[in-house]
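Structure first, then comments.
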2 protein chains.
Amino acid sequence: MATTTAIHNIGSLVTNDPALGDGGPLGLIADAAVVLERDRVAWVGPTDKAPDADTTYDADGRAVIPGFVDSHSHLVFAGDRTQEFNARMSGRGYSAGGIRTTVAATRAATDAELDANVARYLREALRQGTTTFETKSGYGLTTHDEARALRIAAQHTDEVTYLGAHIVSPDYADDPAGYVELVTGEMLDACAPYARWVDVFCEKGAFDGDQARAILTAGKAKGLTPRVHANQLSYGPGVQLAVELDAASADHCTHLTQQDVDALAQGNTVATLLPGAEFSTRAAWPDARRLLDAGATVALSTDCNPGSSFTSSMGFCIALAVRDMGMTPDEALWSATAGGAAALRREDVGRLTPGARADLALLDAPSHVHLAYRPGVPLVSRVWRDGEIVG
Amino acid sequence: MATTTAIHNIGSLVTNDPALGDGGPLGLIADAAVVLERDRVAWVGPTDKAPDADTTYDADGRAVIPGFVDSHSHLVFAGDRTQEFNARMSGRGYSAGGIRTTVAATRAATDAELDANVARYLREALRQGTTTFETKSGYGLTTHDEARALRIAAQHTDEVTYLGAHIVSPDYADDPAGYVELVTGEMLDACAPYARWVDVFCEKGAFDGDQARAILTAGKAKGLTPRVHANQLSYGPGVQLAVELDAASADHCTHLTQQDVDALAQGNTVATLLPGAEFSTRAAWPDARRLLDAGATVALSTDCNPGSSFTSSMGFCIALAVRDMGMTPDEALWSATAGGAAALRREDVGRLTPGARADLALLDAPSHVHLAYRPGVPLVSRVWRDGEIVG
């Protein structure tokens, strides 16, 4: 294997470094080259100034972007909810169990089945340009099944989130306080070794502000950093709690008061928007424009899960964000790369500058704008991760 | 090359023949097989009853659908309108020339450039499962340039549409009547040999009802069958004219009166809906539900063009139709296959029954419902056209 690889004749290179290229937030360089050295970016700049490399790849005028950073997915699951989706979209009644359907199937699945499912969806995402992925537990809801989900996830990614508090386990339907005790006690002890993050679905019908605070605080005490499913279905305390506890991200942010927006703008918590969920549930869109204008950091992510958002396509999320959430194509690209990195508190991904990971996607298009301009078209033609071609 | 190919273990096969399988409009067969003989479907039915074939392909439980029939695209063009799209979506002013930008670039392009562009976008569509494509002239607007566009298109598809009446040529800005005379006279004479269809953009600012009638009638006299860009941007006479002239299709149908809906329900003209255009221009959606409930035949198509809908993805159009136009996943799949065939008055495509063309797509999913359930994900994993694997 060659030590250095140069990609020449990049029509438009997104570096996400404002000090480079056109000086905008994307740090766009025209007629660019990237040199990769093992698993890192060694050099970026104009092709005619590129240093020699062991092998050279001709981008033929096409665009290169940092690999997508998908900071929110739920991939450790089993079972099928096609009929539930079909019935919902066909206006037919269906005695859907919602998350509970997936919980039952996930508990019944073997380790190998769960592992194969995670591997399959991560491969699918990788082919579409996603080089960093977070994923969660949350369909086990027992100590054994949550720990198993995280152990399996950890074999595929470093960004693993403990979401024992996805819903109150059906086993504790009459004793939610008992379930919070489990999630903050024995289950947390079993799960913490496999996870980097602790998450809670703070929502009416799931966990209220006090319960969420207890769960996130217990996770922090075990060395996990909070992230929060916040303000998805209704107004609530999730966003303010996330900022107060210095969560890396408040995810969904569909129903925000001005105080919520102000808190996100002033705090260190990224607002992660998940338009696939609004698309697939026909819900109202989060207002990215309002957050951006207030000065909040915005990330875009897929929320890939079998119930409410079964897309793994970051390009699709970009197209929706531009069409329906008031983001410009530039902002949407930033949020799907550098924004996702910020939501995972990562400095080494989401940008293409010397020292960053050699994670990048070559588009079959002259510009990153085409991800919104050509919606639904699979435009990612080649993917490098850790300096190697993987898709 | 083998004479017969069998595809076994199809989890769910869409035949579009209500006499088959579950008896619904899609004629769904579970645990199915298809046998292809040269360029035709020879047999469909349960795998355990499939006749022997020279070669066998294992679908491994995945779904097979008829290849998509994209009955409306504008692929003979040159030039780039990325900046115009970017400015529109970023809320910035831009002195966009609209269609005129593309007309200037198309006139300036060589035959080879135009041919390469058509080939490129058709290849892209084919990889995404589109096995039958219509495409049009309309960016030349001179006798020479329109005839050249159709000659180039005809090298790639049998479904070629003469759209000299896309807009009034800028060369005739002060003499629209003179342009209609050209389009119905010398230009038609030069174009008719290459085309099957005649089309007109019947809309305020393009061609009114009388002009559209003159253009379509002249085309019919030359042996072309009408199709109409109708009622896209506003209410107007397009749909009623299409039905009156027995056009194969009225395309867009975004602004319909009850009389328009009734006319489509009672006539032979298919209502072709193009959700990519509404997506990329942030326009209101056509009401597919209303048309279907009235009994109209509905097709879905991409409208792929560099100005208002630069998608080539029929799967994306299906997802939009289900989310935003009131179609069920079953209806949307039918409209993107059998509906498109009806809009092109074709009996040999858009279905998988003995005698039909061996044009089909294998999905990386157990059901056609996943095209809506998993929006943006490139689910087409293999494509056969005329019995050969082409994508």
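Letters A, B, ... mirror the listed sequences (proteins, then strands); counts begin at 1.
Residues Tyr121(A) and Val377(B) have side chains not in contact (no heavy-atom distance under 4.5 Å, counting atoms from C-beta outward). Using a 4.5 Å heavy-atom threshold, the side chains of Met327(B) and Ser90(A) count as separate. Side-chain contact between Ser313(A) and Arg374(B) is absent, with no heavy atoms from C-beta onward closer than 4.5 Å.
Of the two parts of Arg120(A), only the side chain, counted from C-beta on, holds a non-hydrogen atom closer than 4.5 Å to a non-hydrogen atom of chain B. Of the two parts of Glu124(B), only the side chain, counted from C-beta on, holds a non-hydrogen atom closer than 4.5 Å to a non-hydrogen atom of chain A. With a 4.5 angstrom heavy-atom cutoff, Ser367(B) touches chain A only via side-chain atoms. Both the backbone and the side chain of Arg81(B) come within contact range of chain A, each with at least one heavy atom under 4.5 Å from a heavy atom of that chain. Proximity to chain A is limited to the side chain of Phe316(B), based on heavy atoms less than 4.5 angstrom apart. Heavy-atom distances place no part of Ala125(A) under 4.5 Å from chain B, backbone and side chain included.
Interface summary for chain B: among Asp364(A), Thr281(A), Thr302(A), Asp324(A), the most heavy-atom pairs under 4.5 angstrom belong to Asp364(A). Comparing Gly376(A), Gly326(A), Cys304(A) by how many heavy-atom pairs each has under 4.5 Å with chain B, the most go to Gly376(A). Taking Asp330(B), Thr328(B), Leu320(B) one by one and counting their heavy-atom pairs under 4.5 Å with chain A, the maximum is reached by Thr328(B).
Look at Arg323(A) and Glu278(B) and you find no salt bridge, because none of the NZ, NE, NH1 or NH2 atoms lies under 4.0 Å from a carboxylate O.
In this structure, Met89(A) CE and Tyr373(B) OH are separated by 11.0 Å, a value rounded to the nearest 0.5 Å. Note that the CG atom of Asn86(B) and the NE2 atom of His368(A) stand 6.5 Å from one another [nearest 0.5 Å].
The shortest non-hydrogen separation linking Pro329(B) to Phe85(A) is CG-CE2, 4.3 Å. Shortest non-hydrogen contact noted between Arg282(B) and Val322(A) is NH2-O, 2.6 Å. Closest approach of Pro375(A) and Thr311(B) over heavy atoms only: O-OG1, 2.6 Å.
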